[in-house]
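Data first, discussion second: the structure below is written as structure tokens.
Note that the structure is a prediction, hence the values are computed from the model and not measured. Reckoned from all heavy atoms, side chains included, excluding hydrogens, waters and symmetry mates.
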Amino acid sequence: QVQLVESGGGLVQAGGSLRLSCAASGRTFSSYTMAWFRQAPGKEREFVATMTRSDGGTDYADSVKGRFTISRDNAKNTVYLQMSSLKPEDTAVYYCAGTTRYYTQSDYQKQGAYYYWGQGTQVTVSS
């Protein structure tokens, strides 16, 4: 069983930056493809970014490309989401997720690809 714990959320002004962290338990973190999703009030959870375990390839939602960067430190069992140029529409609860299954790049954008989830961390961007 793997546990994921997010941290780093908070309140920030538009244009500001935050770095989210997701710490994973267990000794096989490097074998997981990791992702970030978010859910805004009244909306469905949506894909934000993913980093595959095999080659560290990354993929981003169009809404965050050029502003967010996903990275990982396998030695620390941690995945990060660096968020810059934040907008009020980025306000949401951010969740990290992990999977060992193999999928196409497009399938890694789907919630169903992941079976480990964190509890979420709130990010609020004020205008």
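Put simply, the side chain of Tyr95 does not reach to within 4.5 Å of the side chain of Gln119, judged on heavy atoms. For the pair Tyr32/Thr99, no side-chain contact is recorded, criterion being any heavy-atom separation below 4.5 Å from C-beta on. Contact check for Arg72 versus Thr78: no side-chain heavy atoms found under the 4.5 Å cut-off. Side-chain contact between Ser21 and Glu6: absent, with no pair of heavy atoms (C-beta onward) separated by less than 4.5 Å. Ile70 has its side chain within reach of Val79: a pair of non-hydrogen atoms, C-beta onward, lies under 4.5 Å apart.
Every residue was checked against the salt bridge (charged side-chain N to carboxylate O under 4.0 Å, His left out) condition with Asp73, not counting sequence neighbours, and none meets it. Listed by chain and number, the residues in a ring-ring contact (aromatic ring centres under 6.0 Å, His included) with Tyr103 are Tyr108 (sequence neighbours excluded).
Taking the six-membered ring where the residue is Trp, the centroids of Phe37 and Trp117 are separated by under 6.0 Å.
What you find for Ala40 and Thr91 is that their closest heavy atoms are CB-O, 3.6 Å. Residue Leu4 comes nearest to Ala24 through the heavy atom pair CD2-CB, 3.5 Å, listed as atom of the first residue, atom of the second, then distance. Across Leu20 and Trp36, no two heavy atoms sit closer than the pair CB-CH2, 3.7 Å. Minimum heavy-atom separation, Leu11 to Ser126: CD1-CB, 4.3 Å. When all heavy atoms of Val93 and Gln122 are compared, the closest pair comes out as CG2-OE1, 3.2 Å.
Remark: the backbone N or O of Gly57 is paired with a side-chain donor or acceptor of Thr52 at under 3.5 angstrom. Proximity of a side-chain donor or acceptor of Tyr80 to a complementary backbone N or O of Thr69 within less than 3.5 Å is not detected. Using modelled atom types, no side-chain atom of Ser127 and backbone atom of Pro88 make a donor-acceptor pair closer than 3.5 Å.
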For residues 44-51, which side-chain donor-acceptor pairs fall under 3.5 Å, sequence neighbours excluded?
from: Glu46; atom 1: OE2; to: Arg38; atom 2: NE; distance (Å): 2.7
from: Glu46; atom 1: OE2; to: Arg38; atom 2: NH2; distance (Å): 3.1
from: Thr50; atom 1: OG1; to: Met34; atom 2: O; distance (Å): 3.0
from: Thr50; atom 1: OG1; to: Tyr114; atom 2: OH; distance (Å): 3.2

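Annotation: Gln39, atom CD; neighbour count of heavy atoms from other residues, nucleotides and ligands within 6.0 Å is above 12.
Here salt bridge (Lys or Arg N to Asp or Glu O under 4.0 Å) pairs that include residues 59-68, with residues two or more places apart or in two chains, are Asp62-Lys65, Arg67-Asp90. Applying the disulfide (SG to SG under 2.5 Å) definition to pairs two or more places apart or across chains, those involving residues 59-127 are Cys22-Cys96.
Residue Val5 belongs to no hydrophobic cluster, having no ILVMFWY side-chain heavy atom closer than 4.5 Å to its own.
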Could you walk me through whether Ser17 and Met83 pass side chain to side chain contact (heavy atoms under 4.5 Å, CB included), step by step? CA-CA 5 Å; Ser17 299; Met83 306 185 294; over 6 Å; no
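If you chain together hydrophobic residues whose side chains sit under 4.5 Å apart, Leu18 and Phe68 fall into the same group.
Rounding to the nearest 0.5 angstrom, the gap separating the OH atom in Tyr115 from the CZ atom in Arg101 is 6.0 Å. A distance of 11.0 Å separates CD in Gln105 from OG1 in Thr33, rounded to the nearest 0.5 Å.
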